[in-house]
Amino acid sequence: AMQRAQEADHLKSAFLATMSHELRTPLNSIIGFTGVLLQGLAGPLNAEQTKQLGMTRDSARHLLALINDVLDLSKIEAGQLELMLEPFDLRDALEAVLRAVQAQAQQKGLDLTTVIGPGVGILVSDRRRVEQVLLNLVNNAIKFTEHGAVCVECSQQGNRLAIRVRDTGIGIKAEDLDKLFKPFQQVDTGLARRHEGTGLGLSICWNLVKLLGGEIGVTSEWGKGSTFAFWLPLNPQHIAAT
């Protein structure tokens with residue numbers, strides 16, 4: 001019975017991975033063509049048309065992000081996610097992530113800062129996946145912080161690299177901490193209900209960090225903010241053996 005259940009779970013993951021891939025193609029077309037229209041390349045638009053097309057593009061992007069989450073989780077569960085391990089400049093990766101979220105932080109009036117310790121530089125890992133984890137954590141920090149600041153700290157600790165994302169947001173109750181890294185789980189707060197999502201982001205982060213040979217965790221105080229942290233090995237042989 002256990003073998004049949006495992007086979008069924010594997011088939012489910014493979015099916016979701018295939019379907020998610022097929023859904024991305026038309027969504028990318030919708031995003032692309034609405035972008036062409038919004039740029040006026042097919043003719044001028046009035047204010048209302050621009051507004052409606054902008055809403056269409058935003059909705060398509062949101063749906064694509066959710067599908068990408070499902071695709072990533074399905075690949076992980078099906079054992080199909082491949083890592084590309086190569087040296088890259090971690091400082092460049094941090095700057096790229098912060099550029100991507102700068103506008104969101106400015107819209108909410110949040111201070112977005114970085115603290116990079118000595119020795120932080122080249123890391124051998126999968127840059128795309130490291131940036132994905134960091135982007136998810138910083139996005140969440142901004143999303144659930146109404147006032148104050150979000151700070152990304154990076155330091156070398158022995159043979160590991162530590163990255164922390166601190167915020168002054170709503171925080172997380174102690175009884176909710178064990179839900180955070182489980183798929184399709186969302187902490188039930190008034191602020192959380194104002195934001196759409198699948199509850200997959202942190203689960204994907206947990207799985208990616210584990211695949212990269214690292215660890216991830218959180219400390220939080222209700223009403224005062226949270227710190228999400230993950231540690232990655234500097235030794236690529238350790239990653240390959242994990």
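On a predicted model such as this, the values are computed, not experimentally measured, just so you know.
Using a 3.5 Å distance cut-off with no hydrogens or angles, the side chains of Arg99 and Gln102 do not pair a donor with an acceptor.
No side-chain heavy atom of Arg129 sits under 4.5 Å from any side-chain heavy atom of Leu211. Between Leu94 and Thr114 the shortest side-chain heavy-atom distance does not fall below 4.5 Å. Counting only heavy atoms from C-beta outward, the side chains of Leu212 and Phe230 never approach each other to under 4.5 Å.
Once rounded to the nearest 0.5 Å, the distance linking CZ of Arg128 with CG of Leu208 reads 9.5 Å. Taking CD of Glu221 as the start and CD1 of Ile170 as the end, the distance is 13.5 Å to the nearest 0.5 Å. Ser155 contributes atom OG, which lies 7.0 Å from atom CG of Leu161 (distance to the nearest 0.5 angstrom). One distance of note links CD of Gln157 with CG of Leu234; it measures 10.5 Å at 0.5 Å rounding. In this structure, OG in Ser125 is found 7.5 Å from CG in Leu83, a value given to the nearest 0.5 Å. Here the straight-line distance linking atom CG of Asp167 with atom CG of Leu112 works out to 11.5 Å at 0.5 Å rounding.
Side chain of Lys108 to backbone of Lys143: a donor-acceptor contact under 3.5 angstrom is found. Looking only at distances, a side-chain donor or acceptor of Thr168 sits under 3.5 Å from a matching main-chain atom of Ala149. Of the possible polar contacts, one joining the Ser220 side chain to the Gly225 backbone as a donor-acceptor pair under 3.5 Å is found. Put simply, the side chain of Gln49 gets close to the backbone of Asn46: a donor and an acceptor are under 3.5 Å apart. In this structure, the side chain of Asp126 engages the main chain of Met84 through a donor-acceptor pair within 3.5 Å.
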Working for side chain to side chain contact (heavy atoms under 4.5 Å, CB included), residues Leu202 and Leu137: CA-CA 8 Å; Leu202 289 177; Leu137 297 182; 3.7 Å; yes

Working for side chain to side chain contact (heavy atoms under 4.5 Å, CB included), residues Glu153 and Thr227: CA-CA 10 Å; Glu153 302 175 0; Thr227 298; over 6 Å; no

Step-by-step side chain to side chain contact (heavy atoms under 4.5 Å, CB included) determination, Trp231 to Arg164: CA-CA 9 Å; Trp231 297 263; Arg164 293 179 173 85; 3.9 Å; yes

Check against side chain to side chain contact (heavy atoms under 4.5 Å, CB included), Ile122 and Asp89: CA-CA 5 Å; Ile122 302 299; Asp89 191 329; 4.1 Å; yes

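Every side chain to side chain contact (heavy atoms under 4.5 Å, CB included) that Lys51 has, sequence neighbours left out, goes to Glu48, Met55.
Each of Leu134, Asn139, Val133, Asn140 was scored for a side chain to side chain contact (heavy atoms under 4.5 Å, CB included) with Asn136, with one residue passing: Asn140.
Contact between Leu37 and Ala42 at its shortest, heavy atoms only, is CD2-CB, 3.6 Å.
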Please report, to 0.1 Å, the donor-acceptor pairs under 3.5 Å made by any side chain of residues 26-34, with sequence neighbours excluded.
residue	atom	partner	partner atom	Å
Asn28	ND2	Arg24	O	3.1
Ser29	OG	Thr25	O	3.3
Thr34	OG1	Ile30	O	2.8
Thr34	OG1	Ile31	O	3.0

